[in-house]
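Contents: one structure, followed by commentary.
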Amino acid sequence: MKQSKKIAAAFLAVLIVFGCLNTSAMEVQAAPKTTTYVLDTKKGVCYPTKVRAGIRELNNGCSIYLVNEGDYVASVKSNSSSLIAKVTGKAVYTGDEYTVVRLEGNKEQKCRVRGTITYHARKKGTYTLTVTIKNAKKKTTCKKQIKVYAEEYATPVKSIKYAGKLYNAAGANLFAKKSGKLQVTMNKGFKLQKIEVGKFQEKAYKEYSPEPAYVKVKNKKKITLADSTKYKANVYSYPGEYYSYESGTEYDYLYPVTYVKVTYKDTRLGIVGSTEYELYYKNK
């Protein structure tokens with residue numbers, strides 16, 4: 001009897017350990033947070049709990065989404081004179097029309113109204129915006145607070161350098177060297193997660209608008225730019241009695257394009273996001 005109790009106790013201990021290990025594995029594999037938007041189901045309001053503001057950027061902004069017809073963003077108030085804020089836009093959807101906001105867990109919420117708020121931080125710091133929502137009768141239904149983290153820049157990537165030349169979206173993204181070292185530098189408050197390089201493959205795609213094939217690369221390592229300007233999409237072959245023909249769309253870019261996708265962690269907002277850049281190879 002004593003031996004049976006020892007065996008049962010040992011088996012129970014194994015189950016407990018396995019359960020703990022399994023729970024830890026589930027926590028590790030949990031999907032990263034990608035948005036700060038939440039839904040107040042009772043009031044029908046989707047809003048971001050936290051946002052960023054760059055003091056060098058004048059048009060920082062966010063949207064407030066409202067589920068109920070007739071509701072609108074009446075006003076926004078800052079808790080400091082160092083953060084200027086204003087309601088700058090309103091979009092209304094009626095009948096079969098609506099706008100969609102994406103929430104955590106890739107959930108989608110259909111909304112009838114989208115209000116736009118624009119803000120500018122004069123100084124670095126942490127501020128609070130209070131947003132007032134009213135209904136069609138101009139009665140206040142609720143107030144929501146948004147935390148604003150103001151730093152020098154609100155964008156994640158500080159600079160991209162390829163083959164010793166800085167990338168600049170305003171024209172300086174055409175490179176004469178086919179291969180070179182790629183270096184990504186992040187702004188303060190953002191942590192680099194991974195870099196991926198994408199190229200269109202020289203084959204016939206069945207999809208109308210194919211995605212580039214991405215490969216993960218290390219920062220400050222050499223990459224090779226795409227050298228082909230052509231690819232086909234939405235291609236299908238039709239056999240005939242005397243001949244066969246092919247349908248589809250052919251693309252032939254002016255310069256070969258290589259995509260650089262940067263995935264980052266926003267340490268302030270606690271979310272993971274990605275941004276993409278285009279590098280063109282000057283092959284002519």
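In this text the structure is predicted, and so the values were computed from the model without any measurement. In what follows, every heavy atom counts, from backbone to side chain, and hydrogens, waters and symmetry copies are set aside.
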Using only atom types and a distance under 3.5 Å, with no angle test, would you say the side chain of K177 pairs donor to acceptor with the backbone of L225? no
K282 and A176 have their tightest heavy-atom pair at CB-CA, 4.1 Å
Report yes if some heavy atom in the side chain of V45 is under 4.5 Å from a heavy atom in the side chain of L66; otherwise report no. yes
Gap between atom CD1 of I146 and atom OG1 of T49 - 0.5 Å precision: 8.5 Å
E104 and K33 ion-paired at < 4.0 Å: no
Does one hydrophobic cluster hold both V67 and L103, with members joined at side-chain heavy-atom distances below 4.5 Å? yes
I271 side chain near T34 side chain, heavy-atom distance below 4.5 Å: no
CD of E278 to OH of Y253: how many Å apart, nearest 0.5 Å? 8.0 Å
Looking only at heavy atoms, which two atoms of A150 and Y127 are closest? And how far apart? CB-CE1, 3.7 Å
Without swapping roles, check the side chain of D266 against the backbone of L269 for a donor-acceptor pair under 3.5 Å. yes
Side chain S82, main chain K123, donor-acceptor under 3.5 Å: no
Would you say the side-chain atoms of Y162 pair up with the backbone N or O of G180, donor to acceptor, closer than 3.5 Å? yes
With no hydrogens and no angle check, is any side-chain donor or acceptor of E57 less than 3.5 Å from a backbone partner on A154? yes
Is K86 close to I84 at the side-chain level, that is, under 4.5 Å between some pair of heavy atoms? no
Is there side-chain contact between E152 and N187, with heavy atoms separated by less than 4.5 Å? no
Do R102 and E108 sit within salt-bridge range, that is, some charged N less than 4.0 Å from a carboxylate O? yes
Could you go step by step and tell me if L129 and K77 meet the side-chain contact (heavy atoms from CB on, under 4.5 Å) rule? CA-CA 6 Å; L129 292 177; K77 184 178 180 181; over 6 Å; no
Rounded distance [0.5 Å steps], CG in L83 versus OG1 in T126: 11.0 Å
Compare every heavy atom of A226 with every heavy atom of T258, then report the nearest pair and how far apart it is. OG1-N, 2.8 Å
Flag the pair Y153 / R52 as yes when at least one side-chain heavy-atom distance between them is below 4.5 Å, and no otherwise. no
Flag, side chain of K284 to backbone of L254, donor-acceptor distance under 3.5 Å: yes
Find out whether Y65 and Q109 are in side-chain contact, i.e. whether some heavy atom of one side chain is under 4.5 Å from a heavy atom of the other. no
Donor-acceptor pair, distance only, cut-off 3.5 Å: does the side chain of T275 make one with the backbone of V262? no
Does a side-chain heavy-atom distance below 4.5 Å link V157 with Y277? yes
Report yes or no: do V76 and I133 belong to one cluster of Ile/Leu/Val/Met/Phe/Trp/Tyr joined by side chain heavy-atom distances under 4.5 Å? yes
Is the number of heavy atoms from other residues, nucleotides or ligands under 6.0 Å of N59 CG greater than 12? no
How long is the span from the CD1 atom in I117 to the OG atom in S75, to the nearest 0.5 Å? 9.0 Å
Looking at CG of D227 and NZ of K178, how far apart are the two atoms once the value is rounded to the nearest 0.5 Å? 4.0 Å
Within one Ile-Leu-Val-Met-Phe-Trp-Tyr cluster: I160 and Y259, side-chain cutoff 4.5 Å: no
Mark yes or no for whether R112, through its side chain, and T99, through its backbone, hold a donor-acceptor pair below 3.5 Å. no
Nearest heavy-atom contact between V148 and A53 is CG1-CB, 3.8 Å
In terms of hydrophobic clusters joined by side-chain contacts under 4.5 Å, are Y280 and L166 together? no
How many angstroms lie between CG in D71 and SG in C142, if you round to the nearest 0.5 Å? 8.0 Å
With hydrophobic residues grouped by side-chain heavy-atom distances under 4.5 Å, do V87 and Y72 end up in a single group? no
Test ring pair (Phe, Tyr, Trp, His ring centres under 6.0 Å) applied to Y264 - qualifying residues, sequence neighbours left out: F190
Under 6.0 Å between ring centres: does that hold for Y167 and F175? no
Output yes when a side-chain donor or acceptor of K199 lies under 3.5 Å from a complementary backbone atom of S228, and no otherwise. no
Residue pairs passing the side-chain hydrogen bond (donor to acceptor under 3.5 Å, both in side chains) test where at least one lies in residues 36-47, sequence neighbours excluded: D40-K144
Determine, stepwise, if the pair V73 / K90 fulfils side-chain contact (heavy atoms from CB on, under 4.5 Å). CA-CA 8 Å; V73 179; K90 176 184 177 182; over 6 Å; no
Would you sort out whether Y251 and Y231 count as a ring-ring contact (aromatic ring centres under 6.0 Å, His included), showing the intermediate values? CA-CA 5 Å; Y251 295 86; Y231 75 93; 4.7 Å; yes
K218 side chain reached by I195 side chain, heavy atoms, under 4.5 Å: no
Nearest non-hydrogen partners of K220 and K181, listed with the distance: O-CD, 3.0 Å
Shortest non-hydrogen separation from S81 to R122 and the atoms involved: O-NH1, 3.3 Å
